[in-house]
Colleague: 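Handing you a structure now.
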There are 2 protein chains.
Amino acid sequence: MDAPTITDALGEAGYRLTAPRRALAQLIASWDGHFTAEDLVRTSRRRRLGVGRATVFRSLDVLSELGVVERLDLPSGDHAYVACEPAHHHHVVCSSCGRSKEVGDLGLGEMSGAIERATGYRIDTHRLELFGLCPACRRAGGGT
Amino acid sequence: MDAPTITDALGEAGYRLTAPRRALAQLIASWDGHFTAEDLVRTSRRRRLGVGRATVFRSLDVLSELGVVERLDLPSGDHAYVACEPAHHHHVVCSSCGRSKEVGDLGLGEMSGAIERATGYRIDTHRLELFGLCPACRRAGGGT
DNA sequence: CAACAATCGAGACTCAGTCGCAATAAGCTC
DNA sequence: GAGCTTATTGCGACTGAGTCTCGATTGTTG
């Protein structure tokens with residue numbers, strides 16, 4: 001994912017392309033693995049990007065609404081984000097380095113039909129997150 | 001789920017059966033739908049159960065470690081809990097009233113094998129939460 | 001019942017996330 | 001490109017969930 005992809009999405013959705021948003025797009029695009037709002041705040045402060053705390057949160061809201069970024073709920077309870085394609089999918093997240101891969105629908109669509117029949121609930125949304133070790137981290141020693 | 005089930009689990013795991021824990025067990029057992037830590041704090045204050053804020057959080061930690069209670073991450077970003085059986089399963093949560101049902105493994109186990117082969121990750125854990133309307137809420141008007 | 005360790009409550013504290021508002025600047029129009 | 005409109009920003013105060021500390025309490029075991 002590169003920065004223009006993000007700014008384009010903002011533009012197409014009718015949002016203004018401001019300097020702070022460009023800076024954040026850059027930051028997010030070049031980030032490796034998942035990041036927290038605080039990561040962005042800290043980094044943009046350190047690099048004097050002139051992006052305030054509130055703006056980081058506001059931008060993450062917008063971006064996640066556009067589907068350019070998605071919020072993960074880590075097993076630790078923390079909130080993190082990953083850049084991703086705006087289509088239905090799920091994330092496989094490395095619990096060591098935080099890098100993630102997207103996987104498709106995996107037949108969950110049909111599964112949810114079965115669950116509706118079994119429980120009587122009408123399923124509207126679901127969340128599936130998978131955690132484990134990526135190939136690199138496994139080779140690096142976690143693979144025991 | 002009833003209160004003894006919860007206190008038994010505590011006892012078997014070697015935890016002391018204190019008055020605050022019994023009170024919380026009672027509260028949780030009789031709760032309808034999901035609840036937040038704050039719900040418990042507020043209720044126990046209102047009913048003068050003499051259970052402090054810190055104790056509620058500490059107890060929820062213990063109980064969720066024992067698998068008697070599970071933490072949900074609602075789409076809103078809030079944290080909630082539900083009482084449940086300590087076995088691998090997933091929750092179907094009503095987005096209107098908060099009541100939830102447990103569903104089994106659903107073939108996710110095999111699915112995760114397929115994902116491992118496709119991505120190279122070694123999957124350790126996953127989280128699947130389904131949100132929708134329960135039969136009662138659907139009948140009550142949400143069923144449009 | 002005594003002794004020890006686990007647990008508790010109160011309240012201070014931390015820290016993520018929100019809010020209100022005056023200042024700024026994108027983007028449109030001419 | 002100047003001017004106008006309005007979305008957006010930064011600041012700083014605020015909120016509220018969750019944690020920590022510590023002296024007091026209370027299960028539990030023998």
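Here is the naming used below: chain letters follow the sequence lines, and residue numbers restart at 1 for every chain. Since the structure is predicted, the reported quantities are computational estimates derived from the model, not experimental observations.
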Colleague: Other hydrophobic cluster members with Leu17(A), side-chain heavy atoms of Ile/Leu/Val/Met/Phe/Trp/Tyr under 4.5 Å, chained?
Modeller: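 Answer for Leu17(A): Met1(A), Ile6(A), Leu10(A), Tyr15(A), Leu24(A), Leu27(A), Ile28(A), Trp31(A), Phe35(A), Leu40(A), Val41(A), Leu49(A), Val51(A), Val56(A), Leu60(A), Val62(A), Leu63(A), Leu66(A), Val68(A), Val69(A), Tyr81(A).
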Colleague: Once rounded to the nearest 0.5 Å, what's the spacing between atom CG of Asp124(B) and atom CZ of Phe131(A)?
Modeller: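 Between Asp124(B) CG and Phe131(A) CZ, I get 11.0 Å after rounding to 0.5 Å.
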Colleague: Could you state the CZ-P distance from Phe35(A) to dA16(C), rounded to the nearest angstrom?
Modeller: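 Rounded to whole Å, this separation is 16 Å.
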Colleague: I'd like to know if the side chain of Glu102(A) and the backbone of Glu85(A) have a donor-acceptor N/O pair within less than 3.5 Å.
Modeller: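 Looks like yes, one N/O pair under 3.5 Å.
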Colleague: Residues from residues 45-58 of chain A sitting under 4.0 Å of DNA chain D, heavy atoms only?
Modeller: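 Going residue by residue through residues 45-58 of chain A, the ones with a heavy atom under 4.0 Å of DNA chain D turn out to be Gly50(A), Val51(A), Gly52(A), Ala54(A), Thr55(A), Arg58(A).
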Colleague: Where is the tightest heavy-atom contact between Arg71(A) and Pro75(B), given as atom of each residue plus distance?
Modeller: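 Where Arg71(A) meets Pro75(B) most closely, the heavy atoms are NH2-O, 3.9 Å.
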Colleague: Mind calculating the distance between OH (Tyr81(A)) and C1' (dA16(C)) to the nearest angstrom?
Modeller: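 Taking atom C1' of dA16(C) as the reference, OH of Tyr81(A) is at 10 Å.
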Colleague: Give, ordered by number, those residues of residues 13-28 of chain A having at least one heavy-atom distance below 4.0 Å to an atom of DNA chain D; if nothing qualifies, reply none.
Modeller: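 Close to the strand are Tyr15(A), Arg16(A), Thr18(A), Pro20(A), Arg21(A).
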Colleague: Going 5' to 3' on DNA chain D, which nucleotide is the first and which the last to come under 4.0 Å of a heavy atom in chain B?
Modeller: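 So the outermost contacting nucleotides come out as dA17(D) to dT28(D).
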Colleague: Do His89(A) and Asp105(A) have side-chain N/O donor and acceptor atoms under 3.5 Å apart?
Modeller: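 Side-chain D/A pair, His89(A) to Asp105(A): absent.
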Colleague: Side chains of Leu130(A) and His91(A): does their closest heavy-atom pair fall under 4.5 Å?
Modeller: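 Leu130(A) does not reach His91(A) side chain to side chain.
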Colleague: Which atom pairs, one a donor and one an acceptor, fall under 3.5 Å between side chains of residues 109-119 of chain B and the rest of the protein, sequence neighbours left out?
Modeller:
| residue | atom | partner | partner atom | Å |
| --- | --- | --- | --- | --- |
| Ser112(B) | OG | Gly109(B) | O | 3.4 |
| Glu116(B) | OE2 | Ile123(B) | N | 2.8 |
| Thr119(B) | OG1 | Ile115(B) | O | 2.8 |
| Thr119(B) | OG1 | Tyr121(B) | N | 3.1 |

Colleague: With distance as the sole criterion, is a donor-acceptor pair present between the side chains of His126(B) and His90(A) under 3.5 Å?
Modeller: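 The criterion, which ignores hydrogens and geometry beyond distance, is not satisfied for His90(A) and His126(B).
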Colleague: Can you name the closest pair of heavy atoms from Arg138(B) and Gly120(A) and give their distance?
Modeller: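 Here Arg138(B) and Gly120(A) meet closest at NH1-O, 2.9 Å.
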Colleague: With sequence neighbours left out, which residue pairs that include part of residues 25-40 of chain B fulfil the salt bridge (charged side-chain N to carboxylate O under 4.0 Å, His left out) condition?
Modeller: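 Listed by first then second residue: Asp32(B)-Arg99(B), Glu38(B)-Arg53(B), Asp39(B)-Arg42(B).
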